[in-house]
Amino acid sequence: MEEAVKDGKILPLVRIHSSSEKHKDAFVSIQYRDTYFWIDDRDLMSKKIFSFLMFVFTLVETGEKGTAPIVTVPTN
(Lines give C-alpha, C1' and ligand atoms only; values in the text may rest on other atoms or scores of the structure.)
Protein backbone atom coordinates (compact mmCIF):
# COMPACT_ATOMS: atom_id res chain seq x y z
CA MET A 1 0.00 0.00 0.00
CA GLU A 2 1.23 3.49 -0.77
CA GLU A 3 2.26 5.80 2.06
CA ALA A 4 0.16 8.92 2.73
CA VAL A 5 3.18 10.79 4.20
CA LYS A 6 6.67 10.91 2.73
CA ASP A 7 9.58 12.95 4.10
CA GLY A 8 7.19 14.85 6.38
CA LYS A 9 4.95 15.91 3.47
CA ILE A 10 1.36 14.78 3.02
CA LEU A 11 0.94 13.22 -0.41
CA PRO A 12 -2.23 13.68 -2.47
CA LEU A 13 -4.80 10.91 -2.02
CA VAL A 14 -6.11 11.22 -5.59
CA ARG A 15 -3.94 12.18 -8.54
CA ILE A 16 -5.86 14.01 -11.26
CA HIS A 17 -4.08 14.46 -14.59
CA SER A 18 -4.97 16.98 -17.28
CA SER A 19 -4.20 17.61 -20.94
CA SER A 20 -5.71 19.07 -24.06
CA GLU A 21 -6.17 15.58 -25.56
CA LYS A 22 -8.24 12.65 -24.28
CA HIS A 23 -6.20 10.03 -22.42
CA LYS A 24 -6.66 6.49 -23.75
CA ASP A 25 -5.96 4.60 -20.49
CA ALA A 26 -8.23 6.54 -18.13
CA PHE A 27 -10.22 4.96 -15.32
CA VAL A 28 -12.53 7.98 -15.39
CA SER A 29 -12.33 11.07 -17.60
CA ILE A 30 -14.19 14.33 -18.02
CA GLN A 31 -13.80 17.21 -20.44
CA TYR A 32 -14.17 20.72 -19.05
CA ARG A 33 -13.90 23.49 -21.62
CA ASP A 34 -10.77 22.68 -23.67
CA THR A 35 -9.12 20.38 -21.11
CA TYR A 36 -9.54 16.71 -20.24
CA PHE A 37 -9.15 15.62 -16.60
CA TRP A 38 -8.68 11.96 -15.73
CA ILE A 39 -7.52 9.35 -13.24
CA ASP A 40 -5.01 6.91 -14.72
CA ASP A 41 -6.25 3.32 -14.83
CA ARG A 42 -2.94 2.08 -13.35
CA ASP A 43 -3.21 4.37 -10.27
CA LEU A 44 -4.80 1.94 -7.81
CA MET A 45 -4.88 4.32 -4.81
CA SER A 46 -6.63 7.09 -6.77
CA LYS A 47 -9.11 4.58 -8.21
CA LYS A 48 -9.90 3.25 -4.71
CA ILE A 49 -10.41 6.71 -3.19
CA PHE A 50 -12.53 7.94 -6.12
CA SER A 51 -14.68 4.80 -6.07
CA PHE A 52 -15.14 5.14 -2.30
CA LEU A 53 -16.26 8.78 -2.69
CA MET A 54 -18.77 7.82 -5.36
CA PHE A 55 -20.06 5.04 -3.08
CA VAL A 56 -20.50 7.55 -0.22
CA PHE A 57 -22.42 9.88 -2.57
CA THR A 58 -24.70 6.93 -3.37
CA LEU A 59 -25.27 6.20 0.33
CA VAL A 60 -26.23 9.78 1.20
CA GLU A 61 -28.58 10.09 -1.76
CA THR A 62 -32.04 10.97 -0.42
CA GLY A 63 -34.03 9.45 -3.26
CA GLU A 64 -35.13 12.83 -4.59
CA LYS A 65 -34.00 13.37 -8.13
CA GLY A 66 -31.78 16.41 -8.40
CA THR A 67 -28.49 17.37 -9.93
CA ALA A 68 -25.51 15.09 -9.52
CA PRO A 69 -22.88 16.05 -6.94
CA ILE A 70 -20.02 18.14 -8.20
CA VAL A 71 -16.52 17.11 -7.17
CA THR A 72 -14.13 20.04 -7.18
CA VAL A 73 -10.49 19.05 -7.52
CA PRO A 74 -7.76 21.70 -7.27
CA THR A 75 -5.15 21.33 -9.98
CA ASN A 76 -1.82 23.06 -10.35
Side-chain angles (χ1 to χ4, degrees):
M1 174 159 293
E2 295 181 40
E3 296 293 324
V5 179
K6 184 176 181 181
D7 298 327
K9 295 181 182 177
I10 298 174
L11 300 175
L13 295 176
V14 178
R15 294 188 186 274
I16 307 293
H17 302 277
S18 64
S19 71
S20 59
E21 297 179 6
K22 191 171 185 176
H23 188 67
K24 63 178 178 152
D25 293 326
F27 171 65
V28 64
S29 176
I30 185 85
Q31 181 182 11
Y32 179 72
R33 297 192 180 171
D34 295 331
T35 306
Y36 287 92
F37 297 91
W38 76 90
I39 294 175
D40 194 305
D41 194 43
R42 296 166 292 192
D43 185 349
L44 296 179
M45 181 60 76
S46 294
K47 287 169 57 172
K48 287 179 189 179
I49 298 292
F50 182 81
S51 296
F52 173 75
L53 287 172
M54 295 309 294
F55 178 70
V56 169
F57 284 138
T58 301
L59 288 178
V60 298
E61 188 175 308
T62 62
E64 297 176 15
K65 297 296 179 191
T67 58
I70 298 174
V71 178
T72 304
V73 179
T75 59
N76 296 338

Query - Nearest-0.5 Å distance, CG of residue Leu13 to CZ of residue Phe50 - result: 14.0 Å

Query raised in the report: Under a 4.0 Å N-O cut-off, is there an ion pair linking Asp40 with Arg42?
Result: yes

Let me have the donor-acceptor pairs involving side chains of residues 22-35, under 3.5 Å, with sequence neighbours excluded, atom names and distances please.
residue: Gln31; atom: NE2; partner: Arg33; partner atom: O; Å: 3.3

**Report entry** Leu59 atom CG: more than 12 heavy-atom contacts under 6.0 Å
**Finding:** yes

Query raised in the report: Looking at CD1 of Ile49 and CG of Leu44, how far apart are the two atoms once the value is rounded to the nearest 0.5 Å?
Result: 11.5 Å

Requested in this report: Under the side-chain contact (heavy atoms from CB on, under 4.5 Å) rule, collect the residues that match up with Phe52, sequence neighbours excluded.
Outcome: Val56

Report task. Decide whether Trp38 and Val14 are clustered together by the hydrophobic rule: side chain heavy atoms of Ile, Leu, Val, Met, Phe, Trp, Tyr closer than 4.5 Å, transitively. Result -> no

Query raised in the report: Transitively linked via ILVMFWY side-chain contacts under 4.5 Å: Tyr36 with Ile39?
Result: no

